[in-house]
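See below for the structure under consideration.
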Amino acid sequence: IMGKKQTLISEFLLLGLPIQPEHQNLFYALFLAMYLTTVLGNLLLITLIRLDSHLHTPMYLFLSNLSFSDLCFSSVTMPKLLQNMQSQVPSIPYAGCLTQIYFFLFFGDLGNFILVAMAYDRYVAICFPLHYTTIMSPKLCLSLVVLSWVLTTFHALLHTLLMAKVSFCVDNVIPHFFCDMSAMLKLACSDTHVNELVIFIVVGLFLVFPFLLILVSYAKIVSSIFKVPSARGIRKAFSTCGSHLSVVSLFYGPVIILYLCPSANNSTVKDTVMALMYTVVTPMLNPFIYSLRNRDMKGALGRVFCQKKIPFCV
């Protein structure tokens, strides 16, 4: 029996998106434009934060890491989706599937933990403004970033190694546009109870617990605001936290709908739509959310481009 504990198939077929053939080219152009927007938007954000010394603060250190994780998270699935939309046989090698699982979990988790660090940063900024620079020291900020990278490496590696032990025999068709762990476990011809148990436990630790930490941070922020209510204080708090709250909602909204509100009808379609939300839409919108109403980012944009002596800076 132990000798048969091996994968018998060399590749998987990804069914992709439920799109009619006549609409295929239209959606291909749409997803290509969205992916290019994601790449350019996040690269611009990272470059501005790197080049402008005014943005060398804890919040923007976390934001540059969030932009990097968004850029990579989208790049884990989108290029393969675009390639398969133009291919007659939308396949992915077995090793490619495991690689995709690892990086999907890694960059998804990294964004999750960075959002927690950003929530803590906002909490300290509003509740302890006089001690902000002391509490949010460069050492603490760097420690939070390093801890995020270490925890995500552990989590991604754990699931990837467990998935590598699962056997796949005949059925190799994944009803998704990427190698989704849940969809793959349904195709397995070996016991998957350990995988499912680890997913259940670790999702609680790596998804629910960070979300609760963010909620606690904002509960304390709201409590602090209403202890000394003033129109100016409330406006400042919302301008400080509004962008982060928008990003948190975009990140956790689809995940909560997907995993905590299961539906029997059209579950595959719903799973695909929700997955598109957090792999394509959220990483694309984040740079706009943080830059459109952010005076620091607009100022940095002007300073960086004007220093390059671009003609319109006169």
Side-chain angles (χ1 to χ4, degrees), residues 41-73 106-156 205-206 209-221 224-225 233 236-248 251 283 286-308:
N42 283 292
L43 279 178
L44 178 61
L45 214 59
I46 293 167
T47 304
L48 285 177
I49 293 169
R50 179 74 183 86
L51 293 179
D52 190 61
S53 59
H54 294 82
L55 300 181
H56 293 174
T57 63
M59 185 175 80
Y60 291 105
L61 167 69
F62 298 139
L63 181 56
S64 62
N65 275 269
L66 181 66
S67 288
F68 177 74
S69 70
D70 280 342
L71 169 61
C72 296
F73 187 54
F106 181 89
F107 291 113
D109 282 342
L110 183 59
N112 187 23
F113 282 113
I114 294 297
L115 286 174
V116 177
M118 293 174 81
Y120 179 69
D121 175 74
R122 295 300 84 206
Y123 161 68
V124 174
I126 291 172
C127 298
F128 306 99
L130 299 178
H131 302 285
Y132 177 77
T133 51
T134 308
I135 297 172
M136 297 303 294
S137 63
K139 184 179 178 181
L140 176 65
C141 295
L142 187 61
S143 298
L144 289 172
V145 171
V146 171
L147 180 63
S148 299
W149 281 74
V150 170
L151 287 174
T152 52
T153 301
F154 163 75
H155 183 217
L205 290 172
F206 281 75
F209 185 62
F211 183 55
L212 291 177
L213 287 177
I214 293 173
L215 290 181
V216 169
S217 295
Y218 277 101
K220 287 185 175 292
I221 288 170
S224 174
I225 291 168
K236 184 181 178 183
F238 277 109
S239 67
T240 305
C241 302
S243 299
H244 184 252
L245 277 173
S246 302
V247 171
V248 168
F251 183 87
N286 283 354
F288 294 100
I289 292 170
Y290 274 104
S291 59
L292 288 178
R293 296 185 60 188
N294 189 317
R295 282 179 296 181
D296 292 339
M297 292 303 300
K298 288 178 181 177
L301 194 65
R303 284 189 294 272
V304 168
F305 279 97
C306 289
Q307 281 174 5
K308 302 298 181 185

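Keep in mind the model is a prediction, meaning the values are calculated, not measured. All residue numbers refer to positions in the sequence shown, counting from 1.
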For [X] versus [Y], what's the shortest heavy-atom pair and its separation?
| X | Y | result |
| --- | --- | --- |
| Asn42 | Pro283 | ND2-O, 3.1 Å |
| Cys127 | Ile221 | SG-CA, 4.1 Å |
| Leu55 | Leu48 | CD1-O, 3.9 Å |
| Ser148 | Phe113 | OG-CB, 3.5 Å |
| Leu205 | Pro210 | O-CD, 3.3 Å |
| Thr57 | His54 | CG2-O, 3.9 Å |

* Is the shortest heavy-atom distance from the side chain of Phe62 to the side chain of Tyr120 under 4.5 Å? ->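 Contact flag for Phe62/Tyr120 side chains = no.
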* Taking the side chain as every heavy atom from C-beta outward, state whether Cys72 and Phe106 have any atom pair closer than 4.5 Å. => no
For the atom pair [atom1] ([X]) and [atom2] ([Y]), what is the distance rounded to the nearest 0.5 Å?
| X | Y | atom1 | atom2 | answer |
| --- | --- | --- | --- | --- |
| Ser143 | Lys139 | OG | NZ | 6.5 Å |
| Met136 | Leu144 | CE | CG | 6.0 Å |
| Asp70 | Leu63 | CG | CG | 9.0 Å |
| Ile135 | Leu140 | CD1 | CG | 9.0 Å |
| Leu110 | His155 | CG | NE2 | 13.0 Å |
| Leu130 | Phe128 | CG | CZ | 11.0 Å |

Can you tell me if [X] uses its side chain to pair, donor with acceptor, with the backbone of [Y] under 3.5 Å?
| X | Y | answer |
| --- | --- | --- |
| Asn65 | Leu61 | yes |
| His56 | Leu51 | no |
| Asn112 | Phe206 | yes |
| Asp109 | Ala156 | no |

* Option from Ser137, Cys141, Pro138 for which side chain to side chain contact (heavy atoms under 4.5 Å, CB included) with Pro58 holds -> Cys141
* Asked: Which class fits the ring pair Trp149 and Phe107: parallel under 30°, tilted 30 to 60°, perpendicular over 60°?
  ->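 It falls in the perpendicular class, over 60°.
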* Please lay out, stage by stage, how Ile214 and Ser217 fare under the test side chain to side chain contact (heavy atoms under 4.5 Å, CB included). => CA-CA 5 Å; Ile214 293 173; Ser217 295; 5.6 Å; no
* Please test Leu45 against Asn286 for side chain to side chain contact (heavy atoms under 4.5 Å, CB included), starting from the C-alpha separation and ending with a verdict. => CA-CA 10 Å; Leu45 214 59; Asn286 283 354; over 6 Å; no
